[in-house]
Every structure is written in C-alpha cells, then in structure tokens.
Amino acid sequence: MPEGHTIHRIARDQTPRFCDQRLRVSSPQGRFADGAAELNGRILREIEAHGKHLFYHWSGRRILHVHLGLYGRFRRHSVPAPEPRGAVRARVLGREHAFDLNGPTACDVIEEAEMERIRSRLGQDPLRDDADPGAAIERIIRSRAAIGRLLLDQSVIAGVGNIFRAEALFVCGIHPEQPCNRLGPEQAESLWDTLASMLRIGVRYNRIITTDPEDVGKPRSRMTRDERLHVYKKDRCPRCSGVVSSWDCGARTVYACEACQRQA
DNA sequence: AAGAATGTTATGTA
DNA sequence: CTACATAACATTCT
C-alpha cells in the first residue's frame with residue numbers, strides 16, 4: 001500500500017485546525033478517486049486553512065482542497081476500518097486509525113493556480129498570520145449593506161459563519177440590520193477583535209464557545225451546550241432577560257436581543 | 001416525517 | 001459594478 005503522512009482533526013465549528021496524526025493514504029472513494037490515487041505515495045507537507053477552506057499540500061504540487069459545508073465531517077475509526085457509511089468521499093488510512101470524510105461541499109485535488117483562484121475570492125481570515133485587519137475594517141465601514149449580511153460575506157472576512165455572526169454582534173452590542181457605513185471604525189475594529197478571539201477559542205477547544213468562563217462560573221471545558229453561547233438559538237437574552245428575536249438576514253436566520261443591540 | 005441547518009456557488013434580477 | 005434573491009447540492013437531527 002502506498003504511503004503518505006497526513007495530519008487531521010477537524011473542528012466541528014467549521015473553522016478547522018488540526019492536531020497531529022501520522023497516517024497513510026489508501027483507496028479513497030467517490031468523487032476524487034482518480035485524483036486521490038495520484039496522492040498515493042506522496043507526503044503531506046502542510047495543512048493550510050483560509051476561512052472554511054482547507055488545503056492539504058502534498059509533495060508533487062498536489063493540493064487536496066476540502067470544504068466541509070454544512071454537513072461535511074471527518075470520522076475517526078480504529079483500524080481495520082469498517083465499511084464506509086454514507087457518502088464517504090475520502091478515506092485516509094493509518095496504522096492505528098482511519099479517517100473518513102463524509103458529505104463535504106468540496107473535495108478536489110487541485111494545483112497551486114486553482115488554490116490561488118479560490119483564495120482570491122476570500123477576504124481576511126482573523127486566524128491567519130497574514131491577515132490584514134485594516135483591509136477588513138475598511139471594507140466594512142465603506143459598505144452600505146447591513147452588518148449582519150456583511151459578516152457572512154466570505155470575501156470580506158473569511159471563516160465567520162452564522163453562529164459567530166450572531167454571537168459577535170451580541171457581544172459588541174450591534175444590531176444585525178445596522179448599515180455598515182453607519183458604524184464607527186472603533187465598532188468595526190471591536191467586531192474584528194471579538195471575532196478573532198472567538199475563532200481562536202474555537203480552535204483551542206474544538207467547539208464554538210463565545211461566553212465568558214467568569215460569567216458562566218465554570219471553565220470552558222465543562223460548559224454545557226447551553227452555556228457556550230449568548231444568543232444563537234436562544235429564547236431569552238442573558239443580559240436583560242428580554243426575548244431574543246430571530247429573523248432572516250442574508251438568507252440565514254439571525255438571532256439578536258433588540259434591546260441590548262439597539263439599531264441606531 | 002417534513003423541515004431546518006455551524007454553507008457555497010451559479011444564475012437571474014433591479 | 002453592486003446588492004440581493006433563489007435554487008441546487010448534501011447529510012444529520014429533531
């Protein structure tokens with residue numbers, strides 16, 4: 001069986017980062033079977049993420065591009081791995097463990113040029129070292145769109161999804177329908193900082209936790225699902241106990257406390 | 001068991 | 001060009 005090494009561990013929060021596992025590539029299936037065969041015997045050099053897009057850099061200039069979308073998920077099995085369940089698009093087989101990739105939006109073998117094409121569509125990723133916060137802030141305060149919509153626009157800030165949008169706006173006390181160009185630069189900056197910090201915590205704990213351990217009264221590692229978020233899918237505002245509103249904003253459901261996040 | 005969901009893209013409209 | 005809406009896709013969970 002051909003060999004390669006990979007590093008895996010996907011965060012369920014769609015802001016994937018990884019921890020180490022030495023693995024071997026073997027008989028992947030499905031959509032990228034042909035491309036994957038080319039990966040056999042190649043060594044994984046690096047895993048890179050830009051927003052929700054993952055780029056696995058293999059020797060020989062091959063890049064495995066993965067986007068988990070809504071349902072994409074890596075599952076870990078002990079070796080020998082069971083029969084693939086559902087739409088397994090990739091299987092990475094190691095000495096002790098195997099990973100199946102189910103239901104991703106994207107799973108393609110590409111080259112540098114295509115990766116650049118994809119990255120050129122993406123905005124600043126707060127988790128990347130090369131992120132330019134100023135560029136994102138500039139884009140925000142120039143836009144006439146509602147901030148709730150803009151935060152989902154991956155060409156402005158890459159990596160923020162529906163949960164982080166609702167949570168960051170709540171923490172910053174900004175109404176989702178507030179037009180961006182009526183936000184002050186300090187507000188845009190505080191949104192960026194809040195998102196960056198939330199995303200980092202997401203990576204560290206491998207789940208979305210936006211609440212403060214001080215307020216909750218227990219460490220993040222012991223918080224229940226309900227304690228991890230402020231407003232997303234909540235009925236009541238944790239700050240004023242008022243009703244949390246939800247409506248459609250940018251083709252997704254947004255949640256906000258209209259008392260604490262007043263619209264100017 | 002229908003419907004929503006931690007998402008993107010392609011296409012059409014104003 | 002911008003902004004926005006809609007549909008299509010794929011899977012899990014309630």
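Lettering of chains follows the sequences in order, A, B, ..., and the numbering in each one begins at 1. Because the structure is a prediction, the values reported are computed rather than measured.
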[X] vs [N]: side-chain N/O to OP1/OP2 distance below 4.0 Å:
{"X": "A:R121", "N": "B:dT8", "result": "no"}
{"X": "A:T253", "N": "B:dA4", "result": "no"}
{"X": "A:Q154", "N": "B:dT8", "result": "yes"}
{"X": "A:R144", "N": "C:dT2", "result": "no"}
{"X": "A:R149", "N": "C:dA5", "result": "yes"}

Measure the distance from [atom1] on [X] to [atom2] on [N] and round it to the nearest whole Å.
{"X": "A:L151", "N": "B:dG7", "atom1": "CG", "atom2": "C1'", "value": "16 Å"}
{"X": "A:D153", "N": "B:dT8", "atom1": "CG", "atom2": "P", "value": "10 Å"}
{"X": "A:L229", "N": "B:dA5", "atom1": "CG", "atom2": "P", "value": "14 Å"}
{"X": "A:D248", "N": "B:dG7", "atom1": "CG", "atom2": "P", "value": "14 Å"}
{"X": "A:W247", "N": "C:dA5", "atom1": "CH2", "atom2": "C1'", "value": "19 Å"}
{"X": "A:L122", "N": "B:dT9", "atom1": "CG", "atom2": "P", "value": "8 Å"}
{"X": "A:H67", "N": "C:dC9", "atom1": "NE2", "atom2": "P", "value": "18 Å"}
{"X": "A:E114", "N": "B:dT9", "atom1": "CD", "atom2": "P", "value": "11 Å"}

Out of B:dA5, C:dA3, B:dG7, which has the shortest distance to the side chain of A:R252?
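Selected nucleotide: B:dG7.
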Output the single nucleotide from B:dA5, B:dT8, C:dA3 whose closest atom is nearest the side chain of A:Y255.
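Within the option list, the nearest is B:dA5.
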Do the side chains of [Y] and [X] get nearer than 4.5 Å, heavy atoms only?
{"X": "A:Q124", "Y": "A:I157", "answer": "no"}
{"X": "A:T224", "Y": "A:K218", "answer": "yes"}
{"X": "A:F164", "Y": "A:L195", "answer": "yes"}

May I ask you to establish whether A:R239 and A:F170 are in a cation-pi arrangement, using a distance under 6.0 Å from NZ or CZ to the six-membered ring centre and at most 45° from the ring axis?
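Yes, A:R239 lies over the aromatic ring of A:F170.
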Just to be sure I understand the rule, does A:R142 reach a base, reach only the sugar-phosphate, or reach nothing, if contact means heavy atoms closer than 4.0 Å?
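The residue A:R142 makes no contact with any strand.
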Interatomic spacing from NE2 in A:H57 to CD in A:E112 - rounded to 0.5 Å
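Rounded to the nearest 0.5 Å, the NE2-CD separation comes out at 7.0 Å.
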Can you tell me the pairing partner of C:dA10 across any strand shown, Watson-Crick or G-U wobble, with both distances under 3.5 angstrom?
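Pairing partner: none.
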Roughly how far apart, to the nearest Å, are B:dA4 and C:dT6 at atom P?
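So the two P atoms sit 14 Å from each other.
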